[in-house]
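Side chains included, hydrogens not; waters and symmetry mates left out as well; all remaining heavy atoms used.
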2 protein chains.
Amino acid sequence: MNPFEKLPIDKQKRIVDASISEFADRDYETASMNKVVERAGIAKGSLFNYFKTKGSLYYHIYHLAIGEVKSYLRKVRDETAGLPFEDRLAKIVDSGVQFISDHPRLARIYFRLIYSADSPDRQKIVSELQKLSDDYLGEIIQDAMDRGEVDSKLNKTQTVFYLDAVLNRFLKEYHESSNGNQFDRDEWVKGITTFFIKGLR
Amino acid sequence: MNPFEKLPIDKQKRIVDASISEFADRDYETASMNKVVERAGIAKGSLFNYFKTKGSLYYHIYHLAIGEVKSYLRKVRDETAGLPFEDRLAKIVDSGVQFISDHPRLARIYFRLIYSADSPDRQKIVSELQKLSDDYLGEIIQDAMDRGEVDSKLNKTQTVFYLDAVLNRFLKEYHESSNGNQFDRDEWVKGITTFFIKGLR
DNA sequence: TCTTATATTGACCGGGTGGTCAAGTTAATA
DNA sequence: TATTAACTTGACCACCCGGTCAATATAAGA
């Protein structure tokens, strides 16, 4: 049993919280272990006792973030299992927006990881995430094809790619503009769904 | 007249080349002025004589990259002015791929800037680039609307957004996978164009 | 209570950073 | 050629980094 898990829960929480904030504010290379201990109110030696390296702390936090993302995806997939493609798509976008509102710092870490360059094992992590997304969207596309809502002769890889590109970009834009000028969420959701319905049938 | 411009051209080139390599290899925060002088074979003091700060050197290089991108965009816009939307779209993708092949390091700097987090004035630069892309794609969409190839009742902002999202993502993917497993460029170009033709008409 | 084991601390290490500047080199002028 | 002006150099500065470890505080066991 590693030393971190033996800690009182509230202390664990303080450390995790400080780490999330730091990795959300700065990218991996520039994030500072000194700042983490400062934020968490513990000594540097302690942090390196719980996590041997900066990389292993990052690994811990990143898995936490991915876990949350996964559970959101699973939830929306199951809740919309019977719905038509159009409604399903709208729900996916909505739940993405919801996730960003609920976990802005985790969303930041997620986008940093996807789009930025230098985290340890970046390539591995990104392709793991890509597979997750591909499987998820692939399943939904397949359902829509089976129901005849989407042209089943389409190249599935490409179709998933378009969906992933537009959805991710939309959420990223939403995330970045989340302070200040909001854009009309409903209109965008409607626009995106009709665009795909037409483009894929 | 700033001291850098007074330098012999080949020395300027050496410095610019070294800087491009460094900013392509590492993101802004982790790129090192020490490494730049090492690569360029000049003394540190000299570099800081030509460019007062790291930020101003980055600014210089970034403008160089954007200039190249702009000239590529202008070229493909003018060369395809009379063509139908479908062919135009294909040409745009092609020329993007071409740019990445011709200027891999500049492409890297571009993607770093777009997707990564911490360059000086990042927000300003990114919105400047976004405007460039919006104007460019907006013009092409408008042409297609005028010719009746695209439904003119569509929300133009959204339409441009979808185009931008898919094109950028495709080029990014192409860029990242450019070592090793190539994917079938023609099939993707065909897939993307027909998807948009159907989705937008 | 005394002793042993464990958890916590922060000064310290080697190394890298952007940036400076006195001293040395080269070029231009008279 | 002698003098001045401009350029070039790299040792040096303060600061920050991830990581270590002897010393100290705390908890457990006898």
Exercise for the section: Send over the distance from Asn49(A) CG to dA25(D) P, rounded to a whole Å. Expected result: 18 Å
Practice task
Measure the distance from CG on Asn34(A) to C1' on dG18(D) and round it to the nearest whole Å.
Solution key: 8 Å
Problem - Test of ring centre spacing under 6.0 Å for Tyr110(B) and His103(B) - result: no
Exercise for the section: Identify, residue by residue, the members of residues 4-20 of chain A with a heavy atom below 4.0 Å from DNA chain D, and return them in order of residue number, or none. Expected result: none
Handout entry: Main-chain N/O of Phe85(A) paired to Glu149(A) side chain as donor or acceptor, under 3.5 Å
Key = yes
Practice task
Mind running a 4.0 Å heavy-atom check of residues 50-61 of chain B against DNA chain C and sending the residues that fall below it, in number order?
Solution key: Thr53(B), Lys54(B)
Fill in the blank from the handout: For residues 82-93 of chain A, the salt bridge (charged side-chain N to carboxylate O under 4.0 Å, His left out) pairs (sequence neighbours left out) are Arg88(A)-Asp143(A)
Exercise for the section: Using a heavy-atom cut-off of under 4.0 Å over every strand shown, decide if Ser46(A) touches base, sugar-phosphate, or nothing. Expected result: base
Practice task
In whole angstrom, give the distance that lies between atom CE of Met33(B) and atom P of dG10(D).
Solution key: 16 Å
Problem - Any residue meeting side chain to side chain donor-acceptor pair (under 3.5 Å) with Arg39(B), in chain and number order, not counting sequence neighbours - result: Glu22(B), Asp25(B)
Exercise for the section: Please list, in 5' to 3' order, the outermost nucleotides of DNA chain C lying under 4.0 Å from any heavy atom of chain B. Expected result: dT17(C) to dC21(C)
Practice task
Mind checking the CD1-OH spacing from Ile141(A) to Tyr136(A)? Nearest 0.5 Å is all I need.
Solution key: 11.5 Å
Taking only distance into account, with no hydrogens and no angle test, what donor-acceptor pairs under 3.5 Å do side-chain atoms of residues 194-201 of chain B form with protein atoms, sequence neighbours excluded?
{"residue": "Thr194(B)", "atom": "OG1", "partner": "Lys190(B)", "partner atom": "O", "Å": "3.2"}
{"residue": "Thr194(B)", "atom": "OG1", "partner": "Gly191(B)", "partner atom": "O", "Å": "3.1"}
{"residue": "Lys198(B)", "atom": "NZ", "partner": "Arg201(A)", "partner atom": "O", "Å": "2.7"}

Exercise for the section: Decide if atom CD of Gln123(A) counts as having more than 12 heavy atoms of other residues, nucleotides or ligands within a radius under 6.0 Å. Expected result: no
Exercise for the section: May I have the distance from Lys44(A) (atom NZ) to dG18(D) (atom P), rounded to whole angstrom? Expected result: 7 Å
Could you pull out every donor-acceptor pair under 3.5 Å between side chains of residues 61-76 of chain B and any protein atom, sequence neighbours left out?
{"residue": "His63(B)", "atom": "ND1", "partner": "Tyr59(B)", "partner atom": "O", "Å": "3.4"}
{"residue": "Ser71(B)", "atom": "OG", "partner": "Glu68(B)", "partner atom": "O", "Å": "3.4"}
{"residue": "Tyr72(B)", "atom": "OH", "partner": "Asp102(B)", "partner atom": "OD2", "Å": "2.4"}

Exercise for the section: Output the residues of residues 22-29 of chain B in contact with DNA chain D, where contact means a heavy atom of the residue under 4.0 Å from an atom of the strand; sort by number or write none. Expected result: none
Problem - Listed partners of Asp94(A) passing side chain to side chain donor-acceptor pair (under 3.5 Å), at least two apart - result: Arg185(A)
Problem - Partner set under ring-ring contact (aromatic ring centres under 6.0 Å, His included) for Tyr28(B), not counting sequence neighbours - result: Tyr58(B)
Problem - Inter-residue atom distance Phe161(A).CZ - Trp188(B).CH2, 0.5 Å rounding - result: 5.0 Å
Fill in the blank from the handout: Here the distance between atom C1' of dC7(D) and atom CG of Leu47(B), to the nearest Å, is 14 Å
Practice task
Please name all residues satisfying ring-ring contact (aromatic ring centres under 6.0 Å, His included) with Phe111(A), sequence neighbours left out, ordered by chain then number.
Solution key: His175(A)
Completion exercise
Walking DNA chain D from its 5' end, the first of Lys35(A) and Gly45(A) to be reached, judged by nearest nucleotide, is Lys35(A)
Practice task
For residues 120-140 of chain A, pull every pair meeting salt bridge (charged side-chain N to carboxylate O under 4.0 Å, His left out), keeping only residues two or more places apart or in separate chains.
Solution key: Arg77(A)-Glu139(A), Arg122(A)-Glu176(B), Lys131(A)-Asp135(A)
